[in-house]
Chemist: 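Quick one: structure below, then a few questions.
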Number of protein chains: 2
Amino acid sequence: MKTYKRWLQNANLKVTPARLNILYTLDHANGFLTAEDIYNELKPTIEHLSLSTIYRSLEQLEKVHLIESVSLENKKEAQYELAHSKHAHHLICLTCGKVIHIHDCPIHDFAKAVSSQHHFKVTSHTLDLYGYCEACQT
Amino acid sequence: MKTYKRWLQNANLKVTPARLNILYTLDHANGFLTAEDIYNELKPTIEHLSLSTIYRSLEQLEKVHLIESVSLENKKEAQYELAHSKHAHHLICLTCGKVIHIHDCPIHDFAKAVSSQHHFKVTSHTLDLYGYCEACQT
DNA sequence: GTATCAAATGCAAATGGTTTGCATTTGAGT
DNA sequence: ACTCAAATGCAAACCATTTGCATTTGATAC
């Protein structure tokens with residue numbers, strides 16, 4: 001927990017059990033978690049934990065860029081992951097919902113071109129590829 | 001209306017006033033519309049129009065690929081447009097919400113590479129760039 | 001350590017986009 | 001015109017997320 005405590009302090013956020021546990025949970029998850037995933041994970045070990053605390057914590061953590069959220073097409077809930085995880089794009093299986101992270105990114109030059117063309121200052125982007133994973137192609 | 005009627009018939013959908021009007025509205029909109037946008041547009045001229053009809057119609061129209069929907073990050077409502085509009089990506093202003101359509105697409109080669117690398121059959125993708133439009137950069 | 005105060009939390013209720021159940025109407029083929 | 005599945009209106013349900021408010025808890029000052 002040492003590390004997470006320092007993360008929070010560096011971000012000028014109070015160190016609370018909820019936040020420490022959320023960071024821990026996200027850090028040890030492989031892939032994305034929803035607010036409810038986190039809640040279910042922590043509920044058994046933290047008494048009187050409230051879902052709204054999860055939401056409010058996630059909001060704070062995102063605001064200081066400790067975590068990031070994405071919302072994938074045709075999924076209504078937001079998904080969260082640690083922000084220091086590498087910039088990633090996604091392969092999303094339309095059948096089973098499996099999400100594969102891709103760390104290649106072909107966007108940089110494109111963003112630069114589009115920026116100057118439209119006088120638009122691009123600060124971030126999302127790129128998600130949809131289709132069928134190996135197992136679901138049968 | 002002739003055209004829209006034919007579209008529906010070709011798609012094996014019943015020709016109803018709601019569907020004709022939704023197609024007309026989307027066809028004459030510049031940019032995306034939400035279900036509610038469409039509802040507000042049509043409500044004055046169609047008596048007893050119900051929002052759920054809009055939703056159900058949009059669902060049907062999307063199923064037969066007459067229209068397409070996207071949901072942009074940090075917007076909770078789905079946005080709809082005619083499907084025959086060109087494949088487009090988006091420049092989304094984080095300040096004013098303005099959406100600029102881009103018809104260049106740098107993804108094709110990338111998708112191909114990723115496909116073979118992950119044995120994933122890519123069928124579609126989304127690419128959205130976020131940042132600040134010219135007017136909001138001051 | 002103790003006092004202090006803003007920030008964080010729990011709980012319940014509200015929100016808002018979307019979906020659904022059900023009775024009624026309507027389009028399309030006969 | 002007749003028939004029946006599909007489409008619709010309406011109200012209620014859903015569900016992820018947000019909010020109001022009273023209470024608790026960190027962080028800082030003493």
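Every chain is numbered from 1, with letters handed out A, B, ... down the list of sequences.
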Chemist: Please state how far atom NZ in A/Lys14 lies from atom C1' in D/dG26, giving the value in whole angstrom units.
Modeler: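 So the two atoms are 5 Å apart, to the nearest Å.
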
Chemist: Quick check for you: among C/dG27, D/dA7, C/dG10, whose closest atom lies nearest to any side-chain atom of B/Pro17?
Modeler: C/dG27

Chemist: What is the distance, rounded to the nearest whole Å, between atom CG of B/Leu51 and atom C1' of D/dA11?
Modeler: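 My rounded result for the distance is 13 Å.
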
Chemist: Taking atom P of D/dT25 as reference, at what distance in whole Å does atom NZ of A/Lys5 sit?
Modeler: 17 Å

Chemist: More than 12 foreign heavy atoms under 6.0 Å from NE2 of B/His101: is that the case here?
Modeler: yes

Chemist: Starting at CG of B/Asn21 and ending at P of C/dG27, how long is that distance when rounded to a whole Å?
Modeler: 13 Å

Chemist: Just how far, in rounded Å, is P of C/dT18 from CD of B/Glu77?
Modeler: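 Checked: the CD to P distance equals 7 Å.
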
Chemist: Go nucleotide by nucleotide along DNA chain D from the 5' end; which of B/Thr53 and B/Lys76 gets its closest nucleotide reached first?
Modeler: B/Thr53

Chemist: Hey, are B/Glu62 and B/Ser69 close enough side-chain-wise for a donor-acceptor pair under 3.5 Å?
Modeler: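 Note: B/Ser69 and B/Glu62 side chains meet the donor-acceptor criterion.
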
Chemist: Can you tell me if B/Tyr55 touches the phosphate of C/dT19, counting only side-chain N or O atoms and a distance under 4.0 Å to OP1 or OP2?
Modeler: no

Chemist: When you measure from the side-chain N and O atoms of A/Ser50 to the phosphate of C/dT9, is any distance below 4.0 Å, counting only OP1 and OP2?
Modeler: no

Chemist: Does a donor on one side chain and an acceptor on the other come within less than 3.5 Å for A/Thr25 and A/Glu41?
Modeler: no

Chemist: In whole angstroms, how far is the C1' atom of C/dG10 from the NZ atom of A/Lys43?
Modeler: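 Rounded to the whole Å, the gap is 11 Å.
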
Chemist: For the pair made of CD in B/Glu47 and P in C/dT24, what is the distance, rounded to whole Å?
Modeler: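 My rounded result for the distance is 19 Å.
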
Chemist: CG of A/Leu58 versus P of D/dA16: gap in Å, rounded?
Modeler: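 Nearest whole value for this atom pair: 15 Å.
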
Chemist: Assess the side chains of B/His89 and B/His125: does a donor N or O sit below 3.5 Å from an acceptor N or O?
Modeler: yes

Chemist: Check this one for me: any side-chain N or O of B/Ser52 less than 4.0 Å away from OP1 or OP2 of C/dT18?
Modeler: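 Looking at the OP1 and OP2 atoms of C/dT18, neither is under 4.0 Å from any side-chain N or O of B/Ser52.
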
Chemist: Heavy-atom nearest nucleotide on DNA chain C for B/Thr16 versus B/Gln79: which residue maps closer to 5'?
Modeler: B/Gln79

Chemist: To the side chain of A/Arg19, which of D/dT17, C/dT9, C/dT26 is closest?
Modeler: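 Looking only at heavy atoms from C-beta outward on A/Arg19, the closest nucleotide is C/dT9.
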
Chemist: At 4.0 Å (heavy atoms only), tell me whether B/Arg56 reaches a base, stays on the sugar-phosphate, or touches nothing.
Modeler: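 Base contact.
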
Chemist: Under a 4.5 Å cut-off applied to non-hydrogen side-chain atoms, are B/Ile102 and B/Leu127 in contact?
Modeler: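 B/Ile102 does not reach B/Leu127 side chain to side chain.
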
Chemist: Below the 4.0 Å mark, does C/dC11 have OP1 or OP2 next to a side-chain nitrogen or oxygen of A/His48?
Modeler: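 Yes.
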
Chemist: Base, sugar-phosphate alone, or nothing: which one does A/Gln60 contact when heavy atoms must sit under 4.0 Å apart?
Modeler: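 No contact.
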
